[in-house]
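Residue numbering restarts at 1 for every chain, and letters A, B, ... go by the order of the sequence lines. The model shown is predicted, which means the values in this text are computed figures rather than measured ones.
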Amino acid sequence: MNDRKLLVTAALPYANGHIHIGHLVEYIQTDIWVRFQKLRGKKCVFVCADDTHGTAIMIRARQEGRPETELIADMQAAHERDFKGFDVSFDHYGSTNSSENRELCNGIWAELRTAGLIAERDVEQLFDPVAGTFLADRFVKGTCPNCKSPDQYGDNCSKCGATYSPSELIDPVSTLSGAKPVTKSASHLFVELEQLHEFLDTWTQSGKHLQPEVANYLKGHFLCDPLRDWDVSRPSPYFGFEIPDSVGNFWYVWFDAPIGYIASTWQWCKANGEKLEDWWKSSSTEIHHFIGKDIAYFHTLFWPGVLKTAGYSLPEFVHIHGFLTVEGEKMSKSTGTQVQAHTYLKHLDPSFLRYFYASKLGAKLDDIDLNFTEFVNKVNSDLVGKVANLASRTARFIEATGLSVEYPHDGGLFAAGAAAGERIAQAYDQLDYSRATRLIMELADQANAYVENSAPWALKKDPTQQVRLQEVCTIVLNLFRQICVYLTPVLPKLSVQCGQLLQAPITHWDDSQTPVVNQAISKFEHLLQRIAPEKIQAMIEESKEVVPSPAAEVPSAAAPTSELPIDSGDALIQEPMAPTCTIDDFTKVDLRVARIIKAEEVPEAKKLVKLTVSLGGDNTRTVFAGIKAAYTLEQLQGRLVVIVANLQPRQMKFGLSEGMVTAAGPGGTEVFLLGVDSGAVPGQRVH
RNA sequence: GGCGAUGUAGCUCAGUCGGUUAGAGCAACGGCUUCAUAAGCCGUGGGUCGUUGGUUCGAGUCCAAUCAUCGCUACCA
């Protein structure tokens with residue numbers, strides 16, 4: 001079994017955004033596992049690539065006025081820089097936009113055809129005549145055909161929950177150009193996954209390839225019903241690979257993305273004189289995918305189905321991890337908790353995040369939380385106070401003499417540490433890094449206690465104890481080195497530094513089993529700097545996206561300052577301009593100033609607040625607004641707002657809503673009610 | 001509301017097959033030490049294992065119900 005090779009992949013980052021600390025959970029988790037396997041002497045190859053295709057890339061490139069290839073090249077360079085900065089050490093980092101990937105897609109496609117899994121049928125889709133492109137569901141808005149709610153996306157209604165195709169929308173509008181889309185029929189290609197149902201049932205439920213929670217989830221959500229056909233083609237124009245036997249059609253990005261794993265391996269093979277078959281079509285190679293829980297479906301149903309059909313090896317295991325929360329909440333740009341990799345690197349040592357994640361990660365797919373207080377405490381206490389301190393408090397004593405010629409008696413400490421190695425290795429192998437780090441810290445505690453009891457600083461002052469001093473330091477530095485060996489997968493830099501200090505590089509896990517003796521040592525230099533809490537603060541500040549607070553908005557409107565803030569164009573890109581409307585269209589909408597006379601909690605609702613607004617006199621309305629997370633009841637009580645007064649009342653779960661309160665912002669805590677300058681009174685119309 | 005999970009010390013978590021008095025780290029408190037980056041060592045306090053019921057000689061662990069929290073989703077007119 002030991003000659004088995006490992007091929008490891010992490011999910012392919014999409015070329016539409018930068019790497020942030022949430023992504024890094026996965027890359028660090030995977031990198032630790034790979035480094036561990038290599039340190040144990042396993043043949044292990046770690047490949048990844050940028051995921052480059054799809055409508056989003058095409059649109060973005062257009063907005064930036066440059067070719068897609070330029071956009072994806074820039075983004076890939078940024079991704080690789082970020083990964084390097086965090087010591088994520090891919091053996092090869094490719095791109096899904098490669099000739100290898102195209103060739104593999106062709107081959108796999110042919111196999112799917114031969115197996116009779118591909119069906120073709122027409123799909124009515126909306127086409128934007130101005131932008132000259134078919135519109136993905138998210139690029140179309142219109143009125144729900146079921147409940148007549150306006151401003152709904154193309155696939156389902158967020159109001160009544162109806163699902164439909166974009167072509168059924170009433171008065172559809174392209175969010176790209178604002179043009180009225182036309183319905184065009186296009187031929188789409190589907191993979192009939194249901195034909196593989198039995199195989200997928202067996203594979204996912206075998207208990208060997210997936211975490212039990214995942215197998216359970218698939219069984220309850222997908223495998224209990226017939227599997228739906230998968231639409232894997234998109235009509236031109238589309239940024240991707242054209243399907244060879246279906247001119248004008250391109251593979252959907254999710255078809256060619258996982259094939260990118262194989263393509264990247266192939267590129268690695270070419271560069272290293274290896275054969276792809278040995279890695280993807282051989283029982284002597286175990287394939288391990290590491291992914292987040294959001295893309296479980298693709299990797300556990302569609303992907304095994306494709307591999308099986310095309311004659312490639314199936315993954316030995318798909319390791320699925322949870323998400324990162326920061327301070328107990330989802331990452332957010334406005335609070336600065338969605339820290340980008342390059343921002344982190346400006347302020348903090350990547351080793352710290354690697355260690356912190358390791359100390360929190362288990363094999364389950366629970367989310368992990370980054371609490372900054374805990375982060376600072378843990379890193380400073382464990383890495384600096386315990387581990388680095390071992391070298392720091394002994395190395396200088398024996399800079400002149402070096403290590404003892406023979407390893408002295410240490411009361412069995414080194415042997416106990418060596419014996420712990422198998423338990424630590426097992427924890428790493430099972431992805432239980434929190435256990436591994438806990439076990440390692442026990443060793444550090446014992447080593448520090450040994451320093452305390454041996455009191456080298458006292459020995460130093462006694463000229464008759466110089467040999468003993470050298471022995472004690474030899475022991476402590478070897479315990480330190482043993483710990484560094486065990487931490488090598490997590491902290492490769494510390495491992496190298498330790499190798500330099502003792503002039504004995506750490507190259508194998510078994511370096512933990514034998515002490516280094518009779519050896520000069522290098523001059524001691526600090527290995528790690530403690531985290532100053534101010535650095536965290538600075539990092540968060542830099543990560544905050546400028547979002548004007550409601551409080552700041554009012555004075556700036558009343559008293560314009562001489563310095564205008566620089567506003568990014570992100571909001572407009574996020575939600576493109578609606579098509580031109582006439583003044584008649586506008587006057588159909590009756591906007592009125594209203595006063596919130598009562599704001600009530602709706603206990604069962606997560607987002608809704610029940611408002612009673614007055615338009616003056618006896619004229620009051622009940623309005624439900626999705627602003628619970630952004631405002632307290634006290635803040636709402638009494639204030640003036642602008643409402644859409646002639647909106648058709650809507651029956652909601654908690655009552656009838658007779659209007660809409662206007663607000664800007666993406667939602668959640670970022671909702672900003674429109675206010676009016678003083679002087680306006682309820683009932684006045686907005687012109 | 002649907003689906004998935006999770007509730008163990010102030011915080012983050014471990015707790016194997018049901019078995020003695022439920023553990024660790026961090027934080028807190030007291031003492032010691034001064035080699036070390038305000039690091040280290042020893043000690044102390046702190047838990048009705050969410051709640052209720054059940055199975056059992058015995059339940060943190062198994063079963064049922066219930067409550068709470070988190071994620072996705074629905075409800076943002």
>> Please report the distance separating the C1' of B:G15 from the corresponding atom of B:G7, rounded so that it comes out in whole Å.
In response: 15 Å
> Is a side-chain donor-acceptor pair under 3.5 Å present for A:Y450 with A:D410?
Replying inline: no
> More than 12 foreign heavy atoms under 6.0 Å from CD of A:E399: is that the case here?
Replying inline: yes
> Given the C1' atoms of B:C63 and B:U56, what is the spacing between them in whole Å?
Replying inline: 12 Å
> Of all the nucleotides listed (B:C35, B:G71, B:A36), which has the minimum atom distance to the side chain of A:K293?
Replying inline: B:G71
>> Looking at A:K293 and A:E26, is there a salt bridge between them, counting it only when a charged N and a carboxylate O are closer than 4.0 Å?
In response: no
> Relative to the 5' end of RNA chain B, which residue comes earlier, A:E442 or A:F524, by the nucleotide with the nearest heavy atom?
Replying inline: A:E442
> P atom, B:C17 versus B:U61: distance in rounded Å?
Replying inline: 14 Å
> When all nucleic acid strands are considered with a 4.0 Å heavy-atom cut-off, which category describes A:R435: base, sugar-phosphate, or nothing?
Replying inline: nothing
>> Could you identify the nucleotide paired to B:A59, looking across every strand shown and requiring Watson-Crick or G-U wobble geometry with both distances under 3.5 Å?
In response: none
> Which whole-number value in Å describes the distance from A:Q529 CD to B:A38 P?
Replying inline: 10 Å
>> Please determine whether a side-chain nitrogen or oxygen atom of A:S381 lies at a distance below 4.0 Å from atom OP1 or OP2 of B:C26.
In response: yes
>> As a test of reading the structure: which of B:C35, B:A39, B:U37 is closest to the side chain of A:N389, going by heavy atoms?
In response: B:A39
> Given the P atoms of B:G60 and B:A9, what is the spacing between them in whole Å?
Replying inline: 15 Å
> With both distances under 3.5 Å as the test, what is the Watson-Crick or G-U wobble partner of B:U52?
Replying inline: B:A64
> What nucleotide, of B:U37, B:C41, B:U33, holds the atom closest to the side chain of A:N448?
Replying inline: B:C41
> Side chain of A:R393: nearest nucleotide among B:A77, B:A36, B:U34?
Replying inline: B:A36
> The side chain of A:D367 lies closest to which of these nucleotides: B:U37, B:C70, B:C42?
Replying inline: B:C70
> Which of the following nucleotides, B:C35, B:A36, B:A77, is nearest to the side chain of A:M660?
Replying inline: B:A77
> CD of A:E374 versus P of B:C26: gap in Å, rounded?
Replying inline: 12 Å
> Considering every strand shown, what is the Watson-Crick or G-U wobble mate of B:A39 when both distances are under 3.5 Å?
Replying inline: none
>> Using only atom types and a distance under 3.5 Å, with no angle test, would you say the side chain of A:S392 pairs donor to acceptor with the backbone of A:A388?
In response: no
>> For B:U44, give the paired nucleotide (Watson-Crick: N1-N3 plus N6-O4 or O6-N4; G-U: N1-O2 and O6-N3; both under 3.5 Å), or none.
In response: B:A28
>> Quick check on RNA chain B: between A:I368 and A:A388, whose nearest nucleotide comes earlier from the 5' end?
In response: A:I368
> Which nucleotide sits closest to the side chain of A:K360: B:C70, B:U12, B:C35?
Replying inline: B:U12
> Rounding to a whole Å, what distance do you find between A:H321:NE2 and B:A5:P?
Replying inline: 18 Å
> When all nucleic acid strands are considered with a 4.0 Å heavy-atom cut-off, which category describes A:K386: base, sugar-phosphate, or nothing?
Replying inline: sugar-phosphate
> Between A:F302 and A:W254, is the gap from one ring center to the other below 6.0 Å?
Replying inline: no
> What integer distance in Å separates A:E452:CD from B:A39:C1'?
Replying inline: 11 Å
> From A:Y433 OH over to A:L361 CG, what is the distance, rounded to the nearest 0.5 angstrom?
Replying inline: 7.5 Å
>> Taking the P atom in each of B:G1 and B:C11, what is the distance between them to the nearest angstrom?
In response: 27 Å
> Which base, if any, makes a Watson-Crick or G-U wobble pair with B:G23, both distances under 3.5 Å?
Replying inline: B:C13
> Considering only the C1' atoms, how many Å lie between B:G10 and B:G47, rounded to the nearest integer?
Replying inline: 11 Å
>> Taking the C1' atom in each of B:U8 and B:A59, what is the distance between them to the nearest angstrom?
In response: 14 Å
> With a 3.5 Å cut-off and no angle check, do the side chains of A:W303 and A:H289 form a donor-acceptor pair?
Replying inline: yes
>> Strictly by Watson-Crick or wobble contacts shorter than 3.5 Å, is anything paired with B:C72, and which nucleotide is it?
In response: B:G2
> Looking only at atom P, what distance separates B:A38 and B:A27, rounded to whole Å?
Replying inline: 15 Å
> What is the distance from CG of A:D445 to C1' of B:C42, rounded to the nearest Å?
Replying inline: 13 Å
> Which is true for A:L528 with a 4.0 Å heavy-atom rule: it touches a base, it touches only sugar-phosphate, or it touches nothing?
Replying inline: base
>> Between C1' on B:U34 and CG on A:L459, what's the gap in Å once rounded to a whole number?
In response: 14 Å
>> Quick check on B:C11: is either OP1 or OP2 less than 4.0 Å from any side-chain nitrogen or oxygen of A:K378?
In response: no
> Contact class for A:R438 vs. all strands (heavy atom < 4.0 Å): base, sugar-phosphate, or nothing?
Replying inline: sugar-phosphate
> Is any side-chain N of the basic residue among A:E442 and A:R423 closer than 4.0 Å to the acidic one's carboxylate O?
Replying inline: no
> For the pair made of CG in A:L390 and C1' in B:C41, what is the distance, rounded to whole Å?
Replying inline: 13 Å
>> Base, sugar-phosphate or nothing for A:N377? Non-hydrogen atoms, less than 4.0 Å.
In response: sugar-phosphate
> A:D382 CG to B:A27 C1': how many Å, rounded?
Replying inline: 13 Å
>> Applying a 4.0 Å non-hydrogen cut-off, can you work out what A:N380 is touching in the nucleic acid: base, sugar-phosphate, or nothing?
In response: nothing
